[in-house]
Protein chains: 2
Amino acid sequence: MKTPEELVARFREEGYKVTPQRQLIFRLLNGNTAHPTAETLYEVAAEQMPGISLRTVYQTLSELSAMGEVQHIDLGSGAVRFDPNVDDHHHVVCSTCGVVHDVYVNQTPLQFEGDVEGFAVHSTRIVFSGECAQCAHLSA
Amino acid sequence: MKTPEELVARFREEGYKVTPQRQLIFRLLNGNTAHPTAETLYEVAAEQMPGISLRTVYQTLSELSAMGEVQHIDLGSGAVRFDPNVDDHHHVVCSTCGVVHDVYVNQTPLQFEGDVEGFAVHSTRIVFSGECAQCAHLSA
DNA sequence: TTGCTAGTTCGCACGACTTGTTGATTAGCA
DNA sequence: TGCTAATCAACAAGTCGTGCGAACTAGCAA
Ligand SMILES: [Mn+2]
Ligand SMILES: [Mn+2]
Ligand SMILES: [Zn+2]
Ligand SMILES: [Zn+2]
């Protein structure tokens, strides 16, 4: 994702108004590695801006997603998570606590075999599931 | 997944009753490579057994999943898909028509790097997205 | 064969998540 | 300053899946 300042410029260029709500969401996403849901982002936003609506958070995230500034990640466990890291990366997910971390896989593009003649791969998503160090500690 | 006959035996062994509904679902899943949703499986089931309920299809799929006889695959686009193929395999998905095919990746386990000290990987899921041969033909 | 009973089915309601709508109010920006 | 987009609140709707309770039935024992 671009920096909040760059996003402000981009939004203006594309005819979107730069509202305090949008700017707040830009800042909350900037450098955010928590892979938050719309709901959790809303909760943090509401602390700094009481009155901001969940609807607006969803709306702004959709806009950023459409612009390619954030990606949305569906891990199949409840709500979609949003990720300002749009580099080519993948995720590890702790099955116990749900924490999500970025990982980078370098033996790409992956080779595969199967009955898929002529299939053109555009993107590859890898999710590693398991147990994080903290949860391993607690259960020991 | 085991054969329908084997599943009948397993269900009896574990104290589950062998109902016509369950047997039908066993048969519909046997050798099924379509990666159906509960809904699509229900539609096919209802042709052969009018009156079967969607609730029962969900129920039986949950049981089979808990037994490890089917896996459920969340591609992040709508409903969960069910897969009687429980081998270690992955999937390609056509973004245009939604078709899902099995693929096998052999450079596993995958190496990755990131800030994930002590994370114990239990499973890896890979989804290749792109365009299938049929859809490429149609759009050409 | 009959009858019991625990397990099963079914239909409906509800829940979680996300988007749509409408109408009044606010506020960005040319 | 004025046009117009954006926000908000409130509510509805849509999708996917599950909780619940009444009615039913598979399996077993008498
Ligand atoms: Mn990420
Ligand atoms: Mn499969
Ligand atoms: Zn954990
Ligand atoms: Zn296709």
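Below, all heavy atoms of this structure are taken into account, side chains as well, without hydrogens, waters or symmetry copies. Note that the structure is predicted; figures quoted are calculated from it, not measured. Order of the sequence lines fixes the chain letters, A, B, ..., with proteins taken first and strands second; residue numbering starts at 1 for each chain.
Between A:Leu41 and A:Leu29, the closest side-chain pair of non-hydrogen atoms falls below 4.5 Å. Inter-residue side-chain proximity for A:Met67 and A:Tyr16 is flagged as met; some heavy-atom pair is nearer than 4.5 Å.
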With the sugar-phosphate defined as primed atoms, P, OP1 and OP2, and the base as all remaining atoms, what B/S/- string results for nucleotides 25-30 of chain D, 5' to 3', for protein heavy atoms under 4.0 Å?
-> -BS---
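Listed for the B:Glu69 side chain is a donor-acceptor partner under 3.5 Å among the backbone atoms of B:Lys2. Counting only distance, with no hydrogens or angles, the side chain of A:Ser139 and the backbone of A:Ala136 share a donor-acceptor pair below 3.5 Å. Between the B:Ser65 side chain and the B:Leu61 main chain, no donor and acceptor come within less than 3.5 Å of each other. Under a 3.5 Å cut-off, the side chain of B:Thr60 and the backbone N or O of B:Thr56 do form a donor-acceptor pair.
Comparing the end axes of the helix from C:dT1-D:dA30 to C:dA30-D:dT1, each fitted to five base pairs by superposing C1' atoms of four pairs onto the next four, gives an inter-axis angle of 30° (nearest 10 degrees).
Under a cut-off of 6.0 angstrom, the local environment of CD in A:Glu117 is sparse, with at most 12 non-hydrogen atoms contributed by other residues, nucleotides or ligands. By the 6.0 Å contact criterion, CD on A:Glu43 is enclosed, its count of non-hydrogen atoms from other residues, nucleotides or ligands being greater than 12.
Taking the six-membered ring for Trp and the full ring otherwise, the centers of B:Phe128 and A:Phe119 sit at least 6.0 Å from each other.
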Walk me through it: do B:Phe11 and B:Leu64 pass the test side-chain contact (heavy atoms from CB on, under 4.5 Å)?
-> CA-CA 10 Å; B:Phe11 266 59; B:Leu64 289 169; 3.9 Å; yes
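Residues meeting the side chain to side chain contact (heavy atoms under 4.5 Å, CB included) test with B:Gln59, sequence neighbours left out: B:Arg55, B:Glu63.
Of the residues in residues 44-67 of chain A, those placing a heavy atom less than 4.0 Å from an atom of DNA chain D are A:Gly51, A:Ile52, A:Ser53, A:Thr56, in numerical order.
To the nearest angstrom, C1' of D:dG17 lies 15 Å from OH of B:Tyr42. Remark: C1' of D:dT15 and CZ of B:Arg81 are 15 Å apart, rounded to the nearest angstrom. We find that CD1 of A:Ile25 is positioned 8 Å from P of D:dT7, with the value rounded to whole Å.
Sorted by first and then second residue, the side chain to side chain donor-acceptor pair (under 3.5 Å) pairs involving residues 82-99 of chain B (not counting sequence neighbours) are B:His35-B:Asp83, B:His35-B:His91, B:Asp83-B:His89, B:Asp83-B:His91, B:Asn85-B:Asp102, B:Asn85-B:Tyr104, B:His89-B:His91, B:His89-B:Asp102, B:His91-B:Asp102.
Chain A approaches DNA chain C over the interval C:dC17 to C:dC29, counting the first and last nucleotide 5' to 3' with an atom under 4.0 Å from its heavy atoms.
Residues A:Arg10 and A:Glu6 are not paired through a salt bridge, judged by the lack of any N-O separation under 4.0 Å between the basic side chain and the carboxylate.
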